[in-house]
Protein chains: 2
Amino acid sequence: MDRSDALDDPRLTLAGLFFETHDGLTAHLSRRLEADFGMSHQTFEVLLRLARSPDQRLRLSDLAAQVTMSASGLSRAVDRLELEGTVARVACPTDRRSVYAALTDEGRARVDALLPTHLEHLEEEFTGPLDAADRADLERILRRLRDHVNPEAVRASTFADDAVPR
Amino acid sequence: MDRSDALDDPRLTLAGLFFETHDGLTAHLSRRLEADFGMSHQTFEVLLRLARSPDQRLRLSDLAAQVTMSASGLSRAVDRLELEGTVARVACPTDRRSVYAALTDEGRARVDALLPTHLEHLEEEFTGPLDAADRADLERILRRLRDHVNPEAVRASTFADDAVPR
DNA sequence: CCCTTATCATTGCGTCTGCAACCATTGTTT
DNA sequence: AAACAATGGTTGCAGACGCAATGATAAGGG
């Protein structure tokens, strides 16, 4: 309580809470994904995005934007998934610079197998302690924040969306 | 829209929104911290925690828990900070296994110098688009989630807290 | 049409991270 | 008090990431 009372700034508190929650959550989820399926959380996010995309495929650069990774990081991630057999690189017919990452049948099966367990984990670690009103508030606020920090994402979007707060 | 409509599960939507927001936010903040001060976001969190702790110091294991890092990761992070001169390792008098990480005067000066700019960034990227009610809702919800995923943190806590939603 | 600029993906390199193994110290059991 | 278990920290190792440089293709301007 000398100089720098800025340490108690409410914005800092809120941000700290946000990061702490995120880190705790991903720690739990990562451990469980790793233990149950030998898969990192990032990898899972990649597969999930592909599963939700039209024709189960996405250009590498778009995928990178959606999961907030660098182009190089994603390229290597796709390398690993390709070795695993869950994703295949497919040439883009209209632009020879671009490459699609496409979910294979095995990849899709993998996601389908993972999902129920993952949803249980989410329920336990994340949505469990929140009632319906909390979840609605959180969704509304996160949408606003997401649109602000990542306006690009709106186009291909998290998905369906337009699920307006109502 | 075949099998696996689980892809549209609202829990998954909410989690996706949460991670996307987090990643976007840290991407922005990291870039700015790196550009303005040559410091990673993790490193900044470490210094911040120390600055807020009694006597500006914390045992390595407690610090690791607070910033959600492994013991090894944190040990090396402290190595780097020690080289930089912002943190010093101090032997714990009551338990010879433990080591304190203590903020040096230079470290404290560094934090004081960083903070105003960082708060501006937070305002721009994070709290800006939220009105007072949103911020209150978000804080309430995050506290509940944080306590759920990281119950340990409550003791030494993010800090002051008891700032009840009111 | 050619030349310049921008975009997409990949690779070399350095850095950060976690896991597991390890050593030192503390607490506990008998 | 001796043996055993638990805790705190550090280090070897390998995995994953981002940045910058590179090569290929596409788009625009004169």
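Keep in mind that the numbers below use all heavy atoms, side chains included, and drop hydrogens, waters and symmetry copies. By convention in this document, chain letters (A, B, ...) are assigned in the order of the sequence lines, proteins followed by strands, and residues within each chain are numbered from 1.
With rounding to the nearest 0.5 Å, the separation of CG in A:Leu103 from CZ in A:Arg49 is 14.0 Å. To the nearest 0.5 angstrom, A:Leu25 atom CG is 6.0 Å from B:Phe18 atom CZ.
Using modelled atom types, one finds a donor on one side chain and an acceptor on the other under 3.5 Å when comparing B:Thr86 with B:Glu84. A:Ser72 and A:Ser75 are not linked by any side-chain donor-acceptor pair at a separation below 3.5 angstrom, with hydrogens and angles left out of the test.
Atom C1' of nucleotide C:dG18 and atom CG of A:Asp23 are separated by 14 Å, given to the nearest angstrom. In this structure, the CZ atom of A:Arg89 is 12 Å from the C1' atom of C:dT11, given to the nearest Å. Atom CG of A:Asp95 is separated from atom C1' of C:dA6 by 12 Å (rounded to the nearest Å). Atoms CZ (B:Arg97) and C1' (C:dG27) sit 8 Å apart, rounded to a whole Å. Note: CG (B:Leu60) to P (C:dT25) measures 16 Å, nearest angstrom. Atom CD in A:Gln42 sits about 14 Å away from atom P in C:dG18, given to the nearest Å. If you take CG of B:Leu74 and P of C:dC19, they are 14 Å apart, rounded to a whole angstrom. With rounding to whole Å, A:Leu58 atom CG is found 13 Å from C:dC8 atom P.
The backbone N or O of B:Ala27 lies less than 3.5 Å from no partner atom in the side chain of B:Ser30, so there is not a single donor-acceptor pair. B:Thr68 places no side-chain N or O within 3.5 Å of a backbone atom of B:Ala64 that could act as its donor or acceptor partner.
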Can you check salt bridge (Lys or Arg N to Asp or Glu O under 4.0 Å) on A:Asp62 and A:Arg57, steps first, answer last? CA-CA 10 Å; A:Asp62 292 333; A:Arg57 70 191 54 197; over 6 Å; no

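Contact annotation for A:Ser98: backbone-only contact, meaning every heavy-atom pair under 4.0 Å involves sugar-phosphate atoms and none involves a base.
Taking a pair as Watson-Crick or G-U with both hydrogen-bonding distances under 3.5 Å, the stems of three or more pairs touching DNA chain C are C:1-30 with D:1-30.
Each of B:Asp134, B:Asp137, B:Leu138 was scored for a side-chain contact (heavy atoms from CB on, under 4.5 Å) with A:Asp137, with one residue passing: B:Asp137.
Distances shorter than 4.0 Å separate none of the side-chain N or O atoms of A:Arg31 from OP1 or OP2 on C:dG18. Between A:Ser61 and C:dA9 there is a side-chain N or O to OP1 or OP2 distance below 4.0 Å. Phosphate contact (OP1/OP2 of C:dT11, side-chain N/O of A:Arg76, threshold under 4.0 Å): absent.
If you walk DNA chain D from 5' to 3' and mark each nucleotide with an atom closer than 4.0 Å to a heavy atom of chain B, the marks span D:dA6 to D:dC13.
B:His41 and A:Phe19 have their aromatic ring centers within a separation under 6.0 angstrom.
Along DNA chain C, the nucleotide nearest to B:Arg96 and the one nearest to A:Val78 differ in position, and the one closer to the 5' end is contacted by A:Val78.
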